[in-house]
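In the text below, chain A, chain B and the rest are named by the order of the sequence lines, each starting its count at 1. Bear in mind the structure is a predicted one, so any value in this text is a computation, not a measurement.
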2 protein chains.
Amino acid sequence: MKNGKATIHDIAEKLQVTASTVSRALNNNPRISDATKKKVLKAAKELNYQPNNIASALRSGKSRLIGVVVPTANRNFFSSVIRGIEEIANSVNYKVVISQSYDDYEKEMQTIEALLNVQVDGIIASIGKTTENVDHYKKILKKGIPLVLFDRVTNELDVSQVVIDDYYGAFQATEHLINEGCRRIVHFSNSQNINIYKERKRGYEDALLKHGIPVDLELIRFSKLQLEDGRTSMQEVIDAKIPFDAVFSASDYSIMGAMQVLKENGYKLPEDVKLVGFGDEPFTSFTEPTLTTVNQKSIPMGNITAETFFEILNQKDQKNVISKKTILKPELIIRNSSLKTQNHNSTIDLIA
Amino acid sequence: MKNGKATIHDIAEKLQVTASTVSRALNNNPRISDATKKKVLKAAKELNYQPNNIASALRSGKSRLIGVVVPTANRNFFSSVIRGIEEIANSVNYKVVISQSYDDYEKEMQTIEALLNVQVDGIIASIGKTTENVDHYKKILKKGIPLVLFDRVTNELDVSQVVIDDYYGAFQATEHLINEGCRRIVHFSNSQNINIYKERKRGYEDALLKHGIPVDLELIRFSKLQLEDGRTSMQEVIDAKIPFDAVFSASDYSIMGAMQVLKENGYKLPEDVKLVGFGDEPFTSFTEPTLTTVNQKSIPMGNITAETFFEILNQKDQKNVISKKTILKPELIIRNSSLKTQNHNSTIDLIA
DNA sequence: TTGTATGCGTTATCAA
DNA sequence: TTGATAACGCATACAA
C-alpha cells in the first residue's frame, strides 16, 4: 500500500483472502458468502479504499462516463437538461462529462472525437445549429456506442431521441395570441434545416389556418434568432410598413430585440403589439412587460434522456436497439406581454 | 486487431518491431530514430489508430482530465471562465470535466469525491456560497493533487488562486456614482464570510470615505443577492424612508430586483436613482435603462487559471509548490442606469 | 464459495 | 536505437 492508496490487494492481504474474492465482494457478485462480503466491506472502509476507476475501465471496458454534447452550457435550457441528466446518471454511479460545441461544426466533431478518446460509455447530444453533415454521429453508432439525441435532433440518424413538441408549443402560443385578438402575427424563425424551427413555424401556420387567418409570408422573418437579429427583423417589418399586431418568436433572445425596437419606435406594449417568445429563459420574467413564453420542460427532458440512454446501454446487442422517440409537451407561460388586460402585478401598471 | 480498434501491438506487428518502439514513436520519446518514427506514424494513420487513454492513464498515472467545479454553469461568468479554461486545456490535449455544485455544500463534497474517483489529474474550483468548511479541499492537497481556485476563493487554503480585484471594481463603481452626483448610495451585499462580497463592500466604503462621504450602515443591506432579495431589500429601504439616490449591488441579479421595485414605486431611472450592478450578465444590456455594471474578465480569468494549473502540474514536487495569487482588474461598463446625461442610444430617450 | 491465472493497452526499466 | 519484460489495478473464465 504505497502513497496512501489502498487497492483490492491490500484488502485481500489484510483479510488473508485473494484479490478476486475482494473484487467479488465489492461488485455485488453473487458468488460470495455474506460473511466474507461483510468482512471485505468493513476492511475496505477501514483502509479508506477508493476503487480505481481507470483500472476498472480498462479491464471491463466500461468507464462509467457519459459524454454530453451541448451547443453551450450557458443557456438556461441546456444547463437544466444537463442537471436532469446528472440526477439520473449520478444515481447509478455514472459521471457526466460536459462538452460544448459552441454551435460550431468543427468543434462539434473535435469534441466528439475527444469524448470517444476518453472512452465514454456513450454519448448524449444536442446537434449544433451549423451542423448539416451528421457523419460524426454515424461513426459513434458504427462503433456500437450508445447515442441519444435531445432537442436538436435529426431524421438522418436512426437513434433514440427526446424532444419537446415544438409544433404543439408554437400552436398554443399562436392560438393564445389569436384569442387575445391578434390577426397579423409576425413570426421569427431560423433555418428550416433545423427541425425545431421548422416545427415551430408549422405550429404557427396551422394555428392561423385553424382560425381562418391566411399565412402571410411577409410576416415570417428568418435569422439566427439572436438579440441583434430580432432587432433587425423587427425594424425591417416596421420600415416596410407591413401591418402587424403581434410577434411570436422561436427564441426568447430575438423577441427581446423586437421588444427593444418596438419601444424605441414608440409602440406601447402590450396594447399596440403583443409578444410571445420561446424558451422561458430566466430574463423573460424581468422584462417590461414580463414576457409570455414557452417552457421546454428541461429538467424532465434531461431525466428522460438519461433514462433512455441507460435503457440502451443495458441492452445486450448494441447493434440491434430499437430507437424510440419521446415527445414532451411544452407549457405556455402566460405573462403580461401578450395580455389584453394587464395582470395586476405588472410593473407597467404601477408606473403609469 | 479485434472489433476495429488498432492497438500499438497491431502497428508493431505490421512493422515487425515491438510495441515499445511504437510507444516511443508515438510519444515523442527521443530514444528513437527518425526513420522508424516516420514509419510508425504512417502505419498508425493507416490503421486509424486511436490511443487508449484509459490504458495510458492506468500505466502512467495521468488521465489528462481536469475536474472543474463551479456553482453553476448556467451563469455567464462561470460558463465563460470554463470556456477560457478549455481553450488552454485543449491546446495541450487535456479534457475538462465540468461539475456543478449548485452552491450546495454536500453536493460540492460529493462532486469532488466523484472527480477524484474518475482520476482527474487535478482540480480547478470556485467555492460554493454555502461552503464554510474546506476540509474536502484540504484532502485534495494532501493527496498531492494540483488544485487552483478562482473567483470564490478562501484564505484557509495555501493554494494558487486567480481572482478579480473585487475591491477595485467596487471602488470604481462607487466612485463613478459619486462623480455622477450621488451621495446616498445603497449597497447590496452578501455574507461577509464570502471573500468577494467582503472586498466589494470594502471598495464601496473606501470610495465613499475618499470623497468625504460617511458610511451609513442603514444603507448596506445583506442578502443572498437573488432577484427576489433585491426586491425585498429595496422595498425595505423605501419603506423605512431612508433617503438614497443610488444603488450599487454586488450582483446583477439583485440590482434587477431593485430596478423593478423602484419603477413600481414611481421612481424615474436614472434621474431619481442611479444603479450599478456587478457581473456584466448578458441581460444587463437589455434592461431599461441599460445597466452599468462591472465586467469580471471571465475568459482571461479562465485562461490564466488554466495556465497556473499547468504550471503546478508540471512541477516535480507537488508537495512544495509555491502558491501564487493572480489578481485581474475588472472593468466598469458604463451604461445608462448611472448617467446624468442620457446616452443617445438609450431606449428611454427614444420612447419619451 | 473461493483461489489461480490471465489480460485489458500502455509505459517504464533494464538489458542488448 | 531497439527489444524483452514487467507492471499499473482490476475483473473474469476456469479450476478446485
Side-chain angles (χ1 to χ4, degrees), chain A residues 1-41 43-44 47-65 93 116-121 143, chain B residues 1-41 43-44 47-65 93 116-119 121 143 316:
Chain A
M1 174 157 162
K2 30 192 169 176
N3 71 52
K5 274 188 189 165
T7 71
I8 53 172
H9 291 102
D10 299 316
I11 301 176
E13 196 179 0
K14 175 167 180 168
L15 260 39
Q16 292 299 314
V17 293
T18 62
S20 348
T21 304
V22 175
S23 174
R24 281 190 276 259
L26 259 21
N27 291 290
N28 289 343
N29 191 310
R31 303 167 68 177
I32 194 156
S33 72
D34 274 359
T36 44
K37 188 168 174 178
K38 240 175 230 165
K39 272 196 291 185
V40 169
L41 261 27
L47 293 175
N48 188 28
Y49 169 76
Q50 300 288 87
N52 182 326
N53 286 289
I54 292 196
S56 169
L58 178 59
R59 178 63 236 247
S60 67
K62 308 241 134 287
S63 64
R64 302 195 87 80
L65 247 37
N93 205 18
L116 294 176
N117 269 357
V118 299
Q119 247 87 346
V120 294
D121 287 351
K143 291 193 180 191
Chain B
M1 174 160 158
K2 29 192 171 178
N3 72 52
K5 275 188 188 164
T7 70
I8 54 173
H9 290 101
D10 299 314
I11 301 176
E13 195 179 3
K14 175 167 179 168
L15 260 38
Q16 293 299 313
V17 294
T18 60
S20 333
T21 306
V22 176
S23 174
R24 280 191 277 257
L26 260 20
N27 291 290
N28 289 343
N29 190 309
R31 304 167 69 178
I32 193 158
S33 72
D34 273 1
T36 43
K37 188 169 174 177
K38 243 177 226 164
K39 274 197 289 186
V40 168
L41 259 28
L47 292 175
N48 188 27
Y49 168 75
Q50 300 288 83
N52 183 325
N53 287 291
I54 291 197
S56 170
L58 177 59
R59 184 60 241 242
S60 69
K62 307 241 134 288
S63 64
R64 301 195 87 80
L65 246 38
N93 205 18
L116 294 176
N117 269 358
V118 298
Q119 247 86 348
D121 287 352
K143 292 192 179 191
K316 304 278 173 230

Handout entry: Value in whole Å for how far the P atom of dG9(D) lies from CD of E13(A)
Key = 14 Å
Problem - Side-chain donor or acceptor of S60(B) paired with backbone N/O of S56(B) under 3.5 Å - result: yes
Exercise for the section: For I32(B), answer base if it contacts any base atom (sugar-phosphate contacts may also be present), sugar-phosphate if it contacts only those atoms, and nothing otherwise; contact means non-hydrogen atoms under 4.0 Å. Expected result: sugar-phosphate
Problem - Donor-acceptor contact below 3.5 Å, side chain N53(A) vs main chain N117(B) - result: yes
Handout entry: Closest listed nucleotide, where the reference is the side chain of T21(A) and the choices are dT2(D), dG3(C), dC8(C)
Key = dG3(C)
Practice task
Take atom CD of Q119(A) and atom P of dG9(C), then tell me their distance rounded to the nearest Å.
Solution key: 10 Å
Exercise for the section: Give a yes or no on whether K38(B) atom NZ has more than 12 heavy-atom contacts from other residues, nucleotides or ligands under 6.0 Å away. Expected result: no
Completion exercise
Taken to the nearest whole Å, NZ/K62(A) to C1'/dC8(C) is 13 Å
Problem - Residue list, side chain to side chain contact (heavy atoms under 4.5 Å, CB included) with N29(A), at least two apart or on another chain - result: R24(A), R31(A)
Problem - Donor on one side chain, acceptor on other, T18(A) and T21(A), under 3.5 Å - result: yes
Handout entry: Annotated protein contacts, base or backbone, on nucleotides 10-16 of chain D with a non-hydrogen cut-off under 4.0 Å, one of B, S, - each
Key = BBBBBB-
Fill in the blank from the handout: Rounded to whole Å, NZ of K37(B) lies from P of dT2(D) at a distance of 12 Å
Problem - Value in whole Å for how far the C1' atom of dT2(C) lies from CG of D34(A) - result: 15 Å
Practice task
Decide yes or no for N52(B) and L58(A): does some side-chain heavy atom of the first lie under 4.5 Å from some side-chain heavy atom of the second?
Solution key: yes
Problem - Euclidean distance, atom NZ of residue K38(B) to atom C1' of dT1(D) [Å, nearest integer] - result: 16 Å
Problem - Under-4.0 Å side-chain N/O to phosphate OP1/OP2 contact, T36(B) with dT2(D) - result: yes
Exercise for the section: Grab the CG-P distance between L15(A) and dT1(C) for me, whole Å please. Expected result: 17 Å
